[in-house]
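Below you'll find the structure, written out as structure tokens, and then a few comments.
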Amino acid sequence: MKTSIKILILLVSTLTLITSCEDFNDLNVDPTTSTIANPKTLISKVQTSYSGDRETQWRSLAAYHMSITQMISDGWTVSHGQAYKLDISYMEYMWKSSYREISDLTYAIQEAEQNPELVNYEAVARILKVMIFAQLTDTYGDLPYFEAGAQAEEDNLHPAYDNQEDIYNDFFKELKEAATQLDNTKALEGDLMYNGDVERWRKFANSLRLRYAMRLVNVNLSKAETEAVSAIEDGVMENIDDAAKVEHGDFTVSTSGTSEIRGNGFSQVQNFSEEIMVTCETYVSYLRENNDPRLLMMFGMYAAYQEDATSRYNSKSSTETSIEITQEYLATYGILEGYAPGYFLFEAPEGAPADIWSPRFVEKNGRTVQIDKYFKPLQIRRHLTRIDLPSIYQSYSEVELWLAEAAQRGWINFGGDAKTHYKNAIFANIEELVSILGAEPNLDLSADVYAENLWSNTSDKMEAINMQHYINNFYNGIEGFANWRRSGFPKLKPATDNAYTDQTLNGLIPRRLPYPNSEMNFNRDNLEAHLDNGVNFWGAPIWWDNSLTRGVDLSD
């Protein structure tokens with residue numbers, strides 16, 4: 001199976017390199033000029049490139065989504081969002097790549113519409129298009145939607161902007177229609193996510209409807225309930241086999257800047273040159289303080305033997321030269337930590353230990369391991385940084401958490417009460433780490449005891465549920481950023497005194513990414529009404545967020 005996937009990925013990625021463009025002007029591509037006329041190939045390409053594009057995973061997911069929500073940190077580029085460093089050149093990557101994917105999917109829809117035998121390709125393209133548009137609008141806010149893509153008028157280089165509320169309303173329509181459109185009697189070949197299983201695509205469409213319905217709880221509670229209950233009743237994911245995921249190939253990361261979509265893009269970032277990625281203490285502390293079995297499944301301490309510690313590259317968990325020293329470090333220094341939020345690794349955070357700039361040492365295999373300042377925080381475990389790590393676009397554990405919230409709100413009791421779904425989500429996420437991502441199971445801790453204690457000891461059940469979203473979303477950081485703004489959990493302490501912090505945020509936390517300069521310069525007339533009082537301000541909340549301070553810890 002993996003061999004055929006790799007062959008197909010190689011084919012579609014080659015086609016992508018031939019046909020893709022970097023400019024937003026290619027958002028509205030004339031389909032009659034394309035050299036690709038196969039919806040199957042286009043869909044296969046999008047399924048893998050959605051998470052296989054290193055540049056987007058690097059400069060959007062890691063640099064902003066994950067670091068704003070204090071999941072990860074690093075010496076510079078991956079931590080832009082943690083220090084609130086405004087870098088438009090980074091922030092526009094997701095805009096460009098998403099619209100390229102959307103144009104491919106729109107063209108696939110147009111082609112499939114002409115042949116009734118291709119109805120499943122049309123339905124799948126509609127589902128994927130909503131998923132990508134959702135991450136785009138959740139990140140930027142209002143944007144070109146109805147006029148965006150290959151279906152727009154020829155030469156329309158200045159598409160109109162649409163309000164996010166209208167975009168979301170169309171999401172619900174598209175997903176419901178696409179789920180109904182799927183036909184068990186028709187073919188669906190080249191499907192890298194469900195291997196042509198139409199019923200699982202139907203569950204995925206409904207599960208996405210549930211996700212987007214829950215976005216609305218702060219702006220239209222009745223609409224949120226109606227759409228959520230409808231999606232649940234139509235049938236959502238029921239086990240981890242229903243998870244929306246894609247396999248990646250084990251392709252070497254290029255250091256030349258050329259595009260590579262076949263490998264896992266997030267892993268490509270970690271394997272790239274001397275890019276350092278460590279955990280943030282905000283994320284790690286919740287796992288550690290609650291004795292979460294996932295802490296040691298996901299993270300570990302890594303450094304190099306003393307004679308090899310001449311290069312930071314040798315101490316990265318993603319490199320074979322690094323030595324795993326988790327238990328040795330814990331025995332010697334007594335605690336496993338992430339890096340302090342709001343700082344780059346080359347800075348000394350407030351309250352840092354006196355030896356922060358000095359190396360620490362442990363013994364392993366009769367040799368001395370040197371732990372330099374950059375590697376005193378936990379890193380992602382080596383086998384979870386591999387290039388062929390699968391990507392999960394929506395997990396069964398996420399769906400169980402939505403069911404828990406729906407039950408807690410009194411909307412629907414679907415297969416159990418809120419506590420039942422909450423525990424199911426934790427069990428499922430642990431199983432997903434092992435069965436899908438290949439993490440080593442933690443046999444020392446009981447997941448059942450952990451889940452029972454955490455539910456019982458957290459008085460605010462919405463906090464309990466949404467902190468599990470926070471943990472679940474480590475491998476889906478765009479969703480993590482969205483749910484933090486929606487739910488207000490975790491409470492994040494803003495970075496206020498970093499030299500690189502954008503002071504126009506006035507001590508608060510970014511709520512979106514600003515629009516690309518290309519839009520400000522070439523589509524300003526359409527964009528103007530959607531700016532924050534004429535300003536391209538990343539501290540302004542998007543429609544469903546509607547708050548400057550939700551999820552922000554303003555205590556002294």
Side-chain angles (χ1 to χ4, degrees), residues 1 4-5 8 12 37-51 101-135 145 149-151 167-213 226-247 391-396 398-399 402-403 414-415:
M1 178 63 184
S4 62
I5 288 174
L8 184 54
V12 299
N38 190 341
K40 305 174 189 178
T41 302
L42 289 169
I43 289 170
S44 298
K45 173 262 170 182
V46 170
Q47 287 177 344
T48 188
S49 61
Y50 178 72
S51 55
E101 311 283 24
I102 288 162
S103 281
D104 283 345
L105 291 170
T106 304
Y107 183 36
I109 291 168
Q110 289 179 327
E111 292 294 310
E113 283 176 334
Q114 300 175 35
N115 184 349
E117 293 300 312
L118 300 180
V119 63
N120 285 333
Y121 299 97
E122 179 185 350
V124 164
R126 293 172 77 180
I127 295 166
L128 291 173
K129 186 178 172 186
V130 168
M131 180 181 72
I132 295 172
F133 253 128
Q135 76 160 23
Y145 179 75
Q151 85 280 19
I167 295 171
Y168 257 75
N169 286 336
D170 197 64
F171 286 169
F172 299 128
K173 177 191 77 69
E174 282 293 293
L175 290 171
K176 188 172 183 65
E177 289 180 1
T180 302
Q181 189 178 29
L182 288 162
D183 188 340
N184 293 333
T185 68
K186 297 294 191 297
L188 182 55
E189 299 172 350
D191 172 21
L192 302 182
M193 290 172 59
Y194 288 117
N195 196 28
D197 190 324
V198 171
E199 185 54 38
R200 285 195 166 126
W201 272 104
R202 190 173 287 114
K203 291 179 184 178
F204 178 38
N206 295 331
S207 298
L208 285 177
R209 280 174 58 204
L210 176 58
R211 173 194 282 179
Y212 304 137
T226 298
E227 293 292 345
V229 171
S230 175
I232 293 167
E233 290 177 339
D234 284 350
V236 294
M237 295 179 189
E238 299 176 282
N239 53 58
I240 67 167
D241 291 334
D242 291 334
K245 63 183 184 299
V246 66
E247 300 279 353
S391 292
I392 305 176
Y393 297 151
Q394 188 175 31
S395 66
Y396 167 59
E398 178 197 320
V399 173
W402 296 132
L403 294 174
F414 182 80

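By convention here, the first residue in the shown sequence is residue 1. Since this is a predicted model, take the numbers as computed values, not measurements. Values below: all heavy atoms of this structure, side chains included; hydrogens, waters and symmetry mates excluded.
Side-chain contact between Tyr145 and Ile167 is present, with heavy atoms from C-beta onward closer than 4.5 Å. In this structure the side chain of Ser49 reaches within 4.5 angstrom of the side chain of Glu101, judged on heavy atoms. Proximity of Lys129 to Glu174: side-chain heavy atoms (C-beta onward) are nowhere separated by under 4.5 Å. Looking only at side-chain heavy atoms (C-beta outward), Glu247 and Leu192 stay at 4.5 Å or farther from each other. Between Arg202 and Asp234, the closest side-chain pair of non-hydrogen atoms is not below 4.5 Å. Within the 4.5 Å cutoff, the side chain of Ile43 has no heavy atoms near those of the Val46 side chain. Lys186 has its side chain out of reach of Pro116: every pair of non-hydrogen atoms, C-beta onward, lies at least 4.5 Å apart. Leu208 has its side chain within reach of Ile127: a pair of non-hydrogen atoms, C-beta onward, lies under 4.5 Å apart.
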side-chain contact (heavy atoms from CB on, under 4.5 Å) assessment of Val236 paired with Lys203: CA-CA 5 Å; Val236 294; Lys203 291 179 184 178; 5.9 Å; no
Worked check of side-chain contact (heavy atoms from CB on, under 4.5 Å) between Glu113 and Leu118: CA-CA 7 Å; Glu113 283 176 334; Leu118 300 180; over 6 Å; no
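Nearest approach of Ala178 to Arg126, heavy atoms of both residues: CB-CB, 4.1 Å. In terms of heavy atoms, Arg209 sits closest to Ser230 at NH2-OG, 2.7 Å. Ala179 and Ala205 make their closest contact through CB-CB, 4.0 Å (heavy atoms, listed as atom of the first residue, atom of the second, distance). Scanning both residues, Tyr212 and Leu175, for their nearest heavy atoms gives CD1-CD1, 3.9 Å. Scanning both residues, Lys40 and Glu189, for their nearest heavy atoms gives NZ-OE1, 3.4 Å. A pairwise comparison of heavy atoms in Ala108 and Ala125 identifies CB-CB, 4.3 Å as the closest pair.
Side-chain polar atoms of Asp191 and Trp201 form a donor-acceptor pair below 3.5 angstrom. For the residue pair Gln135 and Tyr50, a side-chain donor N or O sits within less than 3.5 Å of a side-chain acceptor on the partner.
Salt bridge Lys173/Glu177: present, at least one basic N to carboxylate O contact under 4.0 Å.
Atoms OG and CD1, on Ser51 and Ile392 in that order, are 10.5 Å from each other to the nearest 0.5 Å. Rounded to the nearest 0.5 angstrom, Ser207 OG and Trp402 CH2 are separated by 11.5 Å. For the atom pair CD1 (Ile109) and CG (Asp104), the distance works out to 11.0 Å, reported to the nearest 0.5 Å. Atoms CD and CG, from Glu122 and Asp183 in turn, are 12.0 Å apart once rounded to the nearest 0.5 Å. The OH atom of Tyr194 sits 5.5 Å away from the CZ atom of Phe204 when rounded to the nearest 0.5 Å. The CD atom of Glu398 lies 8.0 Å from the CG atom of Leu210; values are rounded to the nearest 0.5 Å.
Distance alone, capped at 3.5 Å, places no donor-acceptor pair between the Asp242 side chain and the Arg200 backbone. Although no hydrogens or angles enter the test, the distance criterion places no donor-acceptor pair under 3.5 Å between the side chain of Tyr393 and the main chain of Leu128.
Ring centers of Phe133 and Phe171: at least 6.0 Å apart, outside the cut-off.
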